[in-house]
There are 2 protein chains.
Amino acid sequence: MGVTKTEVFTTEQNRIADLAKAFAHPARVAILQYLVATKACVCGDLVDVLPLSQATVSQHLKELSRIGIIKGNVQPPRVCYCINEPVWEEARATFGDLLASFTQNTCC
Amino acid sequence: MGVTKTEVFTTEQNRIADLAKAFAHPARVAILQYLVATKACVCGDLVDVLPLSQATVSQHLKELSRIGIIKGNVQPPRVCYCINEPVWEEARATFGDLLASFTQNTCC
DNA sequence: ATTAATCATCGCAATATTGCGATTAACCAA
DNA sequence: TTGGTTAATCGCAATATTGCGATGATTAAT
């Protein structure tokens, strides 16, 4: 019904899914790549860089903030965003472990 | 409008987003974890393992197949699935590189 | 106080996703 | 041929996501 049955999965599985959502849209990938490249807090630039409206960019930033992989600090009238290092590290460790956990199929 | 503007992003960004979608739902995470753990082709077991209906599981398997991260080989009346190693390796390299590309913020 | 700049939020529309029951298709065995 | 088994697909319903224009809120500057 368009509603994910989160309660029947483990906390870990739900967290992995949430972290993956940060990368599951090209606009969010572009945002994260830009923040990684600048290595610093970015203010209004993102709207100029992305081929999307200000409202849409703001929404993607909100979603990334919800996941925690970026953080915004208010410097009115600007809000500056940058990579939130602990969560980025969490993602690195999580996907690193998960993707390293497969070695080789014993069948086909 | 619920429709991602894929054409305004790079092929790489779209591919990253697609690979991330494989992990962006707890049911698909559970499926992949199970296939990794068994290291082999799994036939009907998945429906028994997951707390979802056969139709729903089949749909997630279809999505994972579309992305290419799993492959199914038909052994009627069964269809057996396993990790598709080249694409799994692609994901490992892609997210490995991407997540390693961030070092440290020079600001906050 | 007024204006300009910046960003969040609202409201809307359209498409996508998730989920399941029921059906269909394909195949094997008896 | 007739069942039985398995999995894909159909059809439907409900929620989620994506996108944008317009509006609002906030603050600095004039």
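Since the structure is predicted, the reported quantities are computational estimates derived from the model, not experimental observations. Lettering follows sequence order; numbering is per chain, from 1.
Distances from the side chain of A:R78 to the nucleotides C:dC7, D:dA7, C:dT18 place C:dC7 closest. Residue A:Q59 places its side chain closer to D:dG19 than to any other of D:dG19, D:dT17, C:dA26. Candidate nucleotides D:dT18, D:dA7, C:dC20 were compared by shortest atom distance to the side chain of A:H60, and D:dT18 ranks first. Considering only the side chain of B:S53, C:dC20 comes nearest among C:dC20, D:dG19, D:dT9. In the set C:dA8, C:dG19, C:dA5, the nucleotide with an atom closest to the side chain of A:Y81 is C:dA8. Among the nucleotides C:dT15, D:dT9, D:dC20, the one closest to the side chain of B:K5 is D:dC20.
No engagement by A:E63 is indicated, since no non-hydrogen atom pair under 4.0 Å with the nucleic acid exists. Heavy atoms of A:L52 sit under 4.0 angstrom from primed sugar atoms or phosphate atoms, though from no base atom. Residue A:P76 is classed as a sugar-phosphate contact, given heavy-atom separations below 4.0 Å to backbone atoms only. A:T56 comes within 4.0 angstrom of a nucleotide base, judged by non-hydrogen atoms across all strands.
A disulfide is assigned to A:C43 and A:C80, since their SG atoms are nearer than 2.5 Å.
The structure places OG1 of B:T103 at 10.5 Å from CH2 of A:W88, a figure rounded to the nearest 0.5 Å.
A donor-acceptor contact under 3.5 angstrom links the side-chain atoms of B:Q54 to the base of D:dA8.
A donor and an acceptor atom, one from each side chain of B:K71 and B:S65, are nowhere located under 3.5 Å apart.
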